[in-house]
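Computed from heavy atoms alone, side chains included, the values below leave out hydrogens, waters and symmetry copies.
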Amino acid sequence: MSRTFLIIAEHRDGKLRQVTAEALQAALLASGDGDRISAVLLGSGTEPLAEELSSFPLSEIHVVDDPGLSAYNPEAYTAVLGELIEAVRPDAVFMGHTAMGRDIAPALAAKLQAGQLSDVIAIERNDGDGTVLFTRPIYAGKALEKKTFVQFPWVVTVRPNNFPAAPSLEGHRAPVVKAGIAAPSQLRTIVKDVVRKTSGKVDLTEAKVIVSGGRGVKNADGFKPLEELAALLVGAVGASRGACDAGYCDYALQIGQTGKVVTPELYIACGISGAIQHLAGMSGSRVIVAINKDPEAPIFKVADYGIVGDLFEVVPLLTQEFRKVLG
Ligand code: FAD
């Protein structure tokens, strides 16, 4: 029996977020021959995004373009997606485990009467019987659990930066369908303004390189050498909660159990002890470099490369050496 998968596309500043192509890749892994994968795009002035999305291996793109959807509003987005889901009746919904995905997935699961799995990091499909095994971290990343759904429908959120992005197909143009749904006019919550507090030009959750500072940076100025290194490596700056609590940086930079979960290719932890709550947010990084003056710091247990030393000496040296290589 063929199934219908629906990807919820995310975009920011007029660009598709990479997690959309990653969620599509996850759906491709979970689907079998004859299954249909379509996407839904919500927003205002979505034409260029729909055009970009149409080159991906999708059967169709459902678009709801309405000025009432220009900024993410959980109430409006849930209402519109709920209506669309009633019409499309997908067997599975896939989206990023982003702020929006975390917010909206449970509401959609309730609407669809679906089972939900969040923060999925691996998918294995048995082509013989069609069962799909999902892996997700639990207990703040201390263990991994493998789960399968016993029945459809499913709602799945996938960890950003974890699945490769599905490739776009040259010459492919998925049809764009106007869904004929409007944003609700009566809302209990209204987004008045969006004030962005970012860690720089590169989005922390999508960064390939993160240079992170902990309480060891001593004060707000202590982040400057880290910012310099991150800029050189076209990366983002992150932080431990210790650094945020001490007022050295904004909480938008916090990585960990109660902060952002990141999976960059390179994570450089500077003056971070490596508490379990911090590891929960970064232990999935491909390569971890730790710089700490305490050789017994727990961060060295998860680090691929450890440098015992003063970060104020080591980080500028690294920047100097990288500059020689990168020009
Ligand atoms: P510290 O533990 O104080 O470590 C500072 C490190 O810097 C030390 O290892 C020291 O040796 C080193 N150092 C000092 N000076 C230098 C120098 N000049 N050069 C090199 N190294 C130096 N934490 C998070 O990070 N993220 C979370 O999401 C999070 N959520 C939490 C949720 C709960 C419910 C709780 C209870 C805690 C949470 N925490 C979280 C806090 C966590 O337990 C730690 O307290 C915190 O991660 C410590 O931050 P830190 O490593 O920067 O500071």
Side-chain angles (χ1 to χ4, degrees), residues 1-11 16-42 49-64 81-98 101 104-105 108-109 111-136 144-179 263:
M1 181 183 176
S2 94
R3 300 283 179 188
T4 306
F5 287 64
L6 186 68
I7 311 299
I8 300 191
E10 269 196 62
H11 51 92
L16 274 184
R17 294 195 69 189
Q18 183 179 286
V19 75
T20 303
E22 294 169 1
L24 171 56
Q25 180 62 24
L28 285 166
L29 289 173
S31 57
D33 287 348
D35 290 342
R36 287 167 60 83
I37 306 180
S38 52
V40 53
L41 177 64
L42 267 53
L49 292 165
E51 172 69 19
E52 189 184 341
L53 201 51
S54 72
S55 63
F56 285 96
L58 292 161
S59 307
E60 71 220 314
I61 301 157
H62 306 275
V63 175
V64 183
L81 283 171
E83 218 177 303
L84 187 104
I85 271 171
E86 287 287 343
V88 176
R89 282 272 143 209
D91 295 293
V93 175
F94 278 67
M95 72 193 93
H97 193 68
T98 56
I104 224 165
L108 296 183
K111 184 94 189 166
L112 264 176
Q113 297 278 291
Q116 193 206 329
L117 277 178
S118 52
D119 203 14
V120 165
I121 60 166
I123 294 174
E124 292 158 69
R125 184 175 197 277
N126 179 334
D127 285 327
D129 61 8
T131 51
V132 182
L133 201 58
F134 296 87
T135 306
R136 58 187 295 269
L144 296 176
E145 71 172 2
K146 287 182 186 266
K147 282 198 161 177
T148 188
F149 290 103
V150 287
Q151 61 182 51
F152 286 94
W154 318 331
V155 172
V156 176
T157 63
V158 300
R159 180 173 284 200
N161 251 345
N162 192 76
F163 290 92
S168 54
L169 304 176
E170 212 175 313
H172 178 75
R173 283 285 166 267
V176 176
V177 184
K178 290 202 172 139
T263 43

- Residue Asp33 excluded, over 12 heavy atoms near CG under 6.0 Å: no
- Message: Taking the side chain as everything from C-beta on, heavy atoms only, tell me whether Val93 gets closer than 4.5 Å to Pro153.
- Response: no
- From Ser2 OG over to Arg36 CZ, what is the distance, rounded to the nearest 0.5 angstrom? 7.5 Å
- Looking only at non-hydrogen atoms, find the nearest pair between Val63 and Ala50 and report the distance. CG2-CB, 4.2 Å
- Query: Just how far is it from atom CD1 of Ile104 to atom CG of Leu81, taken to the nearest 0.5 Å?
  - Reply: 5.0 Å
- Message: Main chain of Val132, side chain of Thr148: is a donor-acceptor contact present, judged purely on distance under 3.5 Å?
- Response: yes
- Task: Take Asp35 and Asp91 through the test side-chain contact (heavy atoms from CB on, under 4.5 Å) and record every step on the way to the result.
- Result: CA-CA 10 Å; Asp35 290 342; Asp91 295 293; over 6 Å; no
- Rounded to the nearest 0.5 angstrom, the CD1-CD distance for Ile61 and Glu52 is 10.0 Å
- Task: For Arg3 and Ser31, run side-chain contact (heavy atoms from CB on, under 4.5 Å): C-alpha distance rounded to whole Å, both residues' side-chain angles, the deciding distance at 0.1 Å, then the answer.
- Result: CA-CA 8 Å; Arg3 300 283 179 188; Ser31 57; over 6 Å; no
- Query: So, does Gln18 use its side chain to make a donor-acceptor pair with the main chain of Asn161 at under 3.5 Å?
  - Reply: no
- Query: Can you tell if the side chain of Met95 reaches within under 4.5 Å of the side chain of Val155, non-hydrogen atoms only?
  - Reply: yes
- Query: Can you tell me how far the CD atom of Glu60 sits from the OG atom of Ser54, to the nearest 0.5 Å?
  - Reply: 12.5 Å
- Which class fits the ring pair Phe149 and Trp154: parallel under 30°, tilted 30 to 60°, perpendicular over 60°? parallel
- Task: Mind checking the CZ-CD1 spacing from Phe163 to Ile121? Nearest 0.5 Å is all I need.
- Result: 8.0 Å
- Taking it one step at a time, do Glu86 and Lys111 satisfy side-chain contact (heavy atoms from CB on, under 4.5 Å)? CA-CA 8 Å; Glu86 287 287 343; Lys111 184 94 189 166; 3.5 Å; yes
- Message: Applying side-chain contact (heavy atoms from CB on, under 4.5 Å) to His97 and Val120, what does each step give before you reach the verdict?
- Response: CA-CA 8 Å; His97 193 68; Val120 165; over 6 Å; no
- Query: Is the closest side-chain heavy-atom distance between Leu6 and Thr4 below 4.5 Å?
  - Reply: no
- Can you tell if the side chain of Gln25 reaches within under 4.5 Å of the side chain of Pro167, non-hydrogen atoms only? yes
- Message: Could you tell me if the side chain of Pro164 sits less than 4.5 Å from the side chain of Glu22, heavy atoms only?
- Response: no
- Counting distance only, does the side-chain N/O of His62 pair as donor-acceptor with the main-chain N or O of Leu42 below 3.5 Å? no
- Query: Taking atom CD1 of Ile37 and atom CZ of Phe94, what is their separation to the nearest 0.5 Å?
  - Reply: 8.0 Å
